[in-house]
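Before any comments, here is the structure.
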Number of protein chains: 2
Amino acid sequence: MSKLAEIERRCADHKLRMTKQRRVLLRVIAQAKDHPDIEKLHRRTRFIDPTVSLATIYRTVRLLEGIGVLQRHEFTAGRSCYEVTPKRHHDHLIDVESGSVIEFRCPEIERLQAEIARRYGYRIIDHRLDIYAAPLQSSRKRQSS
Amino acid sequence: MSKLAEIERRCADHKLRMTKQRRVLLRVIAQAKDHPDIEKLHRRTRFIDPTVSLATIYRTVRLLEGIGVLQRHEFTAGRSCYEVTPKRHHDHLIDVESGSVIEFRCPEIERLQAEIARRYGYRIIDHRLDIYAAPLQSSRKRQSS
DNA sequence: ATAAATGCAAAATCTTTGCTGTTCG
DNA sequence: CGAACAGCAAAGATTTTGCATTTAT
């Protein structure tokens, strides 16, 4: 099942009406390989259908976050960006020079977090681990390790 | 050396002028036991000296962040809050019911992060680990474990 | 048919900034 | 004295919302 079809099914499950604007936005979201912010989503959506308004992007993204289709991040202060909620959780390493984002998993860190929460008498609802880092060989082509 | 005196010294080191408004704000900052946002800082400062303006809070907080006296956090979207940069780094567990914040340290997690960054060819500039959690016995007095 | 969704513009929030007058050093 | 700082109000930036109209089911 394609990512797009899967998202559309989840929208249907939640009784969201499939308008033409939403169809376009969902397509943009499903195709995104990065973590676009609202402005990017709007631009990409408009490229396909210039009539889609900014307000609709905001409203729809908010809905999608509400039903768990999208996940919001705040890599830079005062501006949210989004990704389709991944099947398996991952955290993010943000390249402070290029702004690009690397996704990584570390079950060991997850385990330690749960342990910490438990120690204080809590259960984890959510967590966010963002690593801001600079390439070891700055401003050069990076060689593969 | 008191926390306040220490902060004032660091301001002097950076050639910041010690105005009456700053003196009051620094006192508020040094006394804070929580992670106040701009509005709280303004309110507390005004309580001591009602003439201090919001713009001054913003400008001074920004300066203080710049010289490393303050650290900014974004526990809730679209609103920054601050704490005096701690001597030893720690992360945060946010109680999603009360909004209160628990500070914790986990060197093991730090180590794993550094390892991850290195694996991808990066060195860590900064990182943020916020755990959002609910108390195990919700809405009750928590007993010590 | 009707409840939901859209577009537009206005409003709401949070933060920054231009300007003028004041103050620290 | 001169550069830095303060207050105020206006401007920016991002996000939300009221309202009239359109659309999916």
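Proteins come first, then strands; the chains are lettered A, B, ... in the order of their sequence lines, and each starts at number 1.
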Candidate pair A/Arg79 and A/Glu39, rule salt bridge (Lys or Arg N to Asp or Glu O under 4.0 Å), full reasoning = CA-CA 10 Å; A/Arg79 171 161 280 200; A/Glu39 191 195 331; 3.3 Å; yes
About how many Å separate CZ of B/Arg119 and CG of A/Leu93, when rounded to the nearest 0.5 Å?
-> 11.0 Å
Do A/Glu115 and A/Arg118 meet the salt-bridge criterion of a basic N to acidic O distance under 4.0 Å?
-> no
Does a side-chain heavy-atom distance below 4.5 Å link B/Ile57 with B/Thr60?
-> no
SB check A/Arg10 A/Glu6 (cutoff 4.0 Å) | no
If you walk 5' to 3' along DNA chain C, what is the first nucleotide with an atom under 4.0 Å of a heavy atom in chain B, and what is the last?
-> C/dC14 to C/dG25
CD1 of A/Ile67 to CG of A/Leu16, rounded to nearest 0.5 Å, is 4.5 Å
Which parts of residues 52-68 of chain B get close to DNA chain D, meaning a heavy atom less than 4.0 angstrom away?
-> B/Val52, B/Ser53, B/Ala55, B/Thr56, B/Arg59
Single hit among B/Leu63, B/Ile7, B/Leu64 for side chain to side chain contact (heavy atoms under 4.5 Å, CB included) with B/Leu70 | B/Leu64
Quick one: which residue pairs count as a ring-ring contact (aromatic ring centres under 6.0 Å, His included) with a foot in residues 78-109 of chain B, not counting sequence neighbours?
-> B/His35-B/His92, B/His73-B/His92, B/Phe75-B/His92, B/His89-B/His127, B/His90-B/His92
With respect to B/Arg44, which candidate in B/Asp34, B/Asp37, B/Asp49 satisfies the salt bridge (charged side-chain N to carboxylate O under 4.0 Å, His left out) definition?
-> B/Asp34
Ignoring hydrogens and angles, write down the donor-acceptor pairs under 3.5 Å from the side chains of residues 21-28 of chain B, residues two or more places apart or on other chains.
unit_1  : atom_1 : unit_2  : atom_2 : d
B/Arg22 : NH1    : B/Arg17 : O      : 3.0
B/Arg23 : NH2    : B/Met18 : O      : 3.2

Heavy-atom contacts under 4.0 Å between residues 9-31 of chain B and DNA chain D, which residues?
-> B/Leu16, B/Arg17, B/Thr19, B/Gln21, B/Arg22
Can any side-chain N or O of A/Thr85 pair as donor or acceptor with the backbone N or O of A/Gly68 at less than 3.5 Å?
-> yes
Nearest heavy atoms of B/Leu41 and B/Pro36, plus distance in Å = CD2-CG, 3.6 Å
With a 4.0 Å cut-off (strictly under) to non-hydrogen atoms of chain A, the first and last hit nts on DNA chain D, 5' to 3', are D/dT14 to D/dT25
